[in-house]
There are 2 protein chains.
Amino acid sequence: MKETSGKSLAGVKEIAKRANVSIATVDRVIHNRTGVSAKTKEKIQQIIDELGYQPNVLAQRLALTTRGTIRLATLLPNISDETEFWRAPLDGIRRAELEIRQYGIHVEHYFFDQNNRQSFARQVARIKKYKPDGLLFTPVFPEESKQLIKDSATANIPCVLINSDLPGFDNSCYIGPDIFHSGYLSAQLVSYCVKGNKPVLIANIAREIDNNYAILDKEHGFRTYFSDHKLANPLISFNTTQTDYTAVKSKLSKLFKKHEDIAAIFVTNSRVSVVARCLEDLGKKKVLLLGHDFTSENVHSLERGLIDFLICEKPEEQGYRGITTLFQNLVFSKEIEKTYLMPIDIITRHNYRYYRN
Amino acid sequence: MKETSGKSLAGVKEIAKRANVSIATVDRVIHNRTGVSAKTKEKIQQIIDELGYQPNVLAQRLALTTRGTIRLATLLPNISDETEFWRAPLDGIRRAELEIRQYGIHVEHYFFDQNNRQSFARQVARIKKYKPDGLLFTPVFPEESKQLIKDSATANIPCVLINSDLPGFDNSCYIGPDIFHSGYLSAQLVSYCVKGNKPVLIANIAREIDNNYAILDKEHGFRTYFSDHKLANPLISFNTTQTDYTAVKSKLSKLFKKHEDIAAIFVTNSRVSVVARCLEDLGKKKVLLLGHDFTSENVHSLERGLIDFLICEKPEEQGYRGITTLFQNLVFSKEIEKTYLMPIDIITRHNYRYYRN
DNA sequence: CTGAAAGCGCTTACAG
DNA sequence: CTGAAAGCGCTTACAG
């Protein structure tokens, strides 16, 4: 007997014909709905298996068009010069929106001030009023975020976290990098490029550091590489909550006086272009500089040779995938993967042109 | 007046109603078909613009289901241990196939022996008999490939090239890396990691080298970086058409006797894991080793620390994108972009786990 | 130059 | 427990 060899052109109509039932009944079996006799169900299932039936996704979605709109909410930091990074995830979210609004998905955006816990809490309150069917956010403030996840679980609202995870908490879905290994990778690059045991600087430049899991874990990964490989380079932490150019420069300048031979600086977030400017002005162009994120300022410094490596984790795609994940779950009951780890990309001045966020 | 603010839920039906015509006429205007009076056309167009009408892609495709099948042909090297690289593009092609076969697209695969021009020509002849509606291939043999592109143009068959381009030839579409800059980037990595003016080896390991544009251009990019940056490292070309372990090892061994202090080896294709084994057996583990492609053997050597960097250009996505490009062109008359340059990814043992081809 | 109608493959009330 | 029919938004003969 000849194999149907993956042709599977057969649809519900064909199945119905073969089973001698109506397509409504076939539909019931396909979707495991109640109200079909065991016998009929079995017969239909057998034919489905035999035919290797694959639903036509197009038709499926089209038929669902009439269903009421599904409401999603996103909660991200607002975008300022200092937080330009957040433009990318938002772009991805918008791209997803355009693709799925045809299916009656509406996305409402909420923004908070990254340096202000209050503002986060305020937006959470607004979101709760909105009563979304799904939620995407980034857990900048651990306590508030944990509460939000719990409340979402209680309300039975699927929840996606992007960019950084909430460790020891698995009530939701995380889409973003393995932050520890991102730091670990940065250390590898430094160790490859720096010969000898010269000191290496780890620069944490953020208004909030102690609570910032993303920064702490990156530094931890970075340091772990050096200890794992028994490297003797002194690792100097440089923390500053004053993130403006002047403050960073004066602090750096002091550090350089103390440690003249600093060979490399790793900036644990996207503020690396500030350091680039400082190094240029301090005449320290030979210091290896690496940091995070494909912001326009960073790319500009990369282009000019002031930054050597940028580590990026496809923020645009994080946003895009976050929304489509919720969509698939809400519309097609597709199960949500617990974790989707993004690639950790290494960008230099010679491959950035081809990079896609 | 209130903005419709990108809602655009309106479809052909709504447009037809507002314009007082039938949906068939609206359809004609949307697709710029003939047989509509200038006046009607203008009126409809105005409403379309006003509403910011966006066609529902789902419905569009679904309605096209009945059209006869479209036949695509692919022509790629067959997959052996030595050419495992080609599995990835094929995987991508298969992934695309699964997605679009619902729209009546059929893909026929042809394979040739990378070391045998004859076999390429034979398959071209078979393809011509098949008379595909679209063609995807990789131009391993320049002369034959140019002829194939010309013939396709004559027959009005859209044509996509992947993995390497045919320079000075713009009758088709190229999806793949900027090879020159890929080599350039590799040189940057070497120059960052190698201190002093120690010699660097460029290893071309392939049955055919002189005609292999991908290899030649990569070496050219690599060398150009060193001259652009006035680096004094001696660059030694190491060409071998005997690609087996024993041959490579004995040749390498001789080279090392002549140049004991070789600091880095750049392998211009996926044969880098062979070199990795040689270095291990020759006790030359400290030499920086980089090369191309995410094959299982290469990844294994990367994991073990024998290879330092792998340069990859998303071969799976090249295949996938190649097929979907042809599909979009043939089904929706979407214009084909002349060139789509893939990212040039840098993979180390600490980020390969998160890489997606 | 224009329109009424059937159909793409699925889902969903509704009736029985 | 089961089926006939309408509808999702578009395209395509066909008739006029």
Side-chain angles (χ1 to χ4, degrees), chain A residues 7-45 48 51 53-70 99-105 330-333, chain B residues 7-45 48 51 53-70 99-105 330-333:
Chain A
K7 277 218 134 189
S8 163
L9 309 138
V12 282
K13 221 185 334 191
E14 174 67 16
I15 298 172
K17 205 167 88 188
R18 296 207 191 191
N20 246 315
V21 297
S22 75
I23 53 169
T25 303
V26 173
D27 193 68
R28 288 182 185 104
V29 174
I30 289 173
H31 293 93
N32 236 318
R33 297 203 188 89
T34 56
V36 185
S37 75
K39 209 169 126 188
T40 318
K41 184 170 176 176
E42 198 192 347
K43 183 161 70 178
I44 295 176
Q45 190 55 58
I48 289 177
L51 257 41
Y53 168 75
Q54 297 275 71
N56 181 321
V57 186
L58 258 50
Q60 231 170 5
R61 294 195 189 179
L62 187 60
L64 288 174
T65 304
T66 26
R67 293 230 274 228
T69 58
I70 289 177
E99 274 181 28
I100 63 177
R101 56 181 231 204
Q102 303 178 312
Y103 317 128
I105 314 288
L330 291 165
V331 176
F332 299 115
S333 316
Chain B
K7 277 217 134 188
S8 165
L9 309 139
V12 283
K13 219 182 344 189
E14 175 66 18
I15 298 172
K17 204 168 88 186
R18 296 206 192 192
N20 246 316
V21 297
S22 75
I23 53 170
T25 303
V26 172
D27 192 67
R28 288 181 185 106
V29 174
I30 289 172
H31 292 93
N32 236 320
R33 298 204 187 88
T34 56
V36 185
S37 76
K39 210 169 125 190
T40 318
K41 182 169 177 174
E42 198 190 350
K43 184 162 68 178
I44 295 176
Q45 189 57 56
I48 290 177
L51 258 40
Y53 169 74
Q54 297 274 68
N56 181 321
V57 186
L58 257 50
Q60 234 171 1
R61 294 194 191 178
L62 186 60
L64 288 174
T65 304
T66 26
R67 293 229 274 227
T69 58
I70 289 177
E99 274 182 27
I100 62 177
R101 57 179 230 207
Q102 303 180 312
Y103 317 128
I105 313 289
L330 291 166
V331 175
F332 299 115
S333 316

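Protein chains get the first letters and strands the later ones, always in sequence-line order, with residue 1 at the start of each.
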Q: With the side chain counted from C-beta on, respond yes when B:Ile15 and B:Val21 share a heavy-atom pair under 4.5 Å apart, and no when they do not.
A: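 No. Closest side-chain heavy atoms not under 4.5 Å.
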Q: Looking across every strand, which nucleic acid part, if any, lies under 4.0 Å from A:Asp27 by heavy atom: base, sugar-phosphate, or nothing?
A: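 Base contact.
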Q: Are B:Gln45 and B:Glu42 side-chain neighbours, meaning at least one heavy-atom pair lies under 4.5 Å?
A: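 Counting from C-beta outward, B:Gln45 and B:Glu42 never come under 4.5 Å.
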Q: Among D:dT2, D:dC8, C:dA4, which nucleotide has an atom closest to any side-chain atom of A:Leu62?
A: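 Minimum distance to the A:Leu62 side chain belongs to D:dC8.
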Q: Looking at B:Tyr53, does any N or O in its side chain come under 4.0 Å of the phosphate oxygens OP1/OP2 on D:dG9?
A: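 No, no such contact exists.
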Q: If I take atom NZ in residue B:Lys43 and atom P in nucleotide C:dC1, what distance separates them, rounded to the nearest angstrom?
A: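 Interatomic distance, NZ of B:Lys43 to P of C:dC1: 15 Å.
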Q: Could you tell me whether the phosphate oxygens of C:dG3, OP1 or OP2, come under 4.0 Å of any side-chain nitrogen or oxygen in B:Thr25?
A: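 For B:Thr25, the contact criterion (side-chain N or O under 4.0 Å from OP1 or OP2 of C:dG3) is met.
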Q: Let me know, please, whether B:Thr40 or A:His31 comes out on the 5' side of the other along DNA chain C by nearest nucleotide.
A: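 The residue mapped nearer the 5' terminus is B:Thr40.
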Q: What pair of heavy atoms forms the shortest contact from A:Pro55 to A:Gln60, and how long is it?
A: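 So the minimum-distance heavy-atom pair works out to CB-NE2, 3.7 Å.
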Q: Counting only Watson-Crick pairs (N1-N3 plus N6-O4 or O6-N4) and G-U wobbles (N1-O2, O6-N3), all under 3.5 Å, who is the partner of D:dA4?
A: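 Per the H-bond distance test, none.
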Q: What does A:Ile30 touch in the nucleic acid at a heavy-atom separation under 4.0 angstrom: a base, only the sugar-phosphate, or nothing?
A: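 The residue A:Ile30 makes no contact with any strand.
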Q: What is the distance, to the nearest angstrom, from the NZ atom on B:Lys17 to the C1' atom on C:dG3?
A: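 Result: 18 Å.
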Q: Using both distances under 3.5 Å as the test, list the Watson-Crick or G-U wobble partner of D:dA13, or none.
A: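 Here D:dA13 is not engaged in any pair, so there is no nucleotide opposite it.
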Q: Measuring from the side chain of A:Arg28 (C-beta onward, heavy atoms only), which nucleotide among D:dC1, D:dG9, C:dA13 has the closest atom?
A: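 Given the options D:dC1, D:dG9, C:dA13, the side chain of A:Arg28 is closest to C:dA13.
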Q: Taking for each residue the nucleotide of DNA chain C with the nearest heavy atom, is it B:Ile23 or A:Gln60 whose nucleotide lies nearer the 5' end?
A: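 First, find each residue's nearest nucleotide; the 5'-ward one identifies B:Ile23.
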Q: Just compare D:dT12, D:dC10, D:dG3 and give me whichever is closest to any side-chain atom of B:Arg33.
A: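 Out of D:dT12, D:dC10, D:dG3, the nucleotide with an atom closest to B:Arg33's side chain is D:dT12.
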Q: Under the 3.5 angstrom rule, does the side chain of B:Lys43 hit a backbone N or O of B:Ala19 as a donor-acceptor pair?
A: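 Such a contact is found between B:Lys43 side chain and B:Ala19 backbone.
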Q: From the list C:dG3, D:dC10, D:dG3, which nucleotide is the closest neighbour of the side chain of B:Ala63?
A: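 Ranking C:dG3, D:dC10, D:dG3 by closest atom to the B:Ala63 side chain puts D:dC10 first.
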Q: Search all heavy atoms of A:Leu51 against all heavy atoms of A:Arg18 and return the closest pair with its distance.
A: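 Shortest heavy-atom contact: CD1-NH1, 3.4 Å.
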Q: Could you state the atom-to-atom distance from NZ of A:Lys39 to C1' of D:dT2 in whole Å?
A: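 It works out to 14 Å between those atoms.
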Q: Measure from CG on A:Asn56 to C1' on C:dG7 and round the result to the nearest Å.
A: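 Checked: the CG to C1' distance equals 14 Å.
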Q: Can you find a side chain N or O atom of B:Thr34 that sits less than 4.0 Å from OP1 or OP2 on C:dC1?
A: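 So the side chain of B:Thr34 is outside the cut-off, no N or O lying under 4.0 Å from OP1 or OP2 of C:dC1.
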Q: Please determine whether a side-chain nitrogen or oxygen atom of B:Lys13 lies at a distance below 4.0 Å from atom OP1 or OP2 of D:dC8.
A: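 For D:dC8, OP1 or OP2 has a side-chain N or O of B:Lys13 closer than 4.0 Å.
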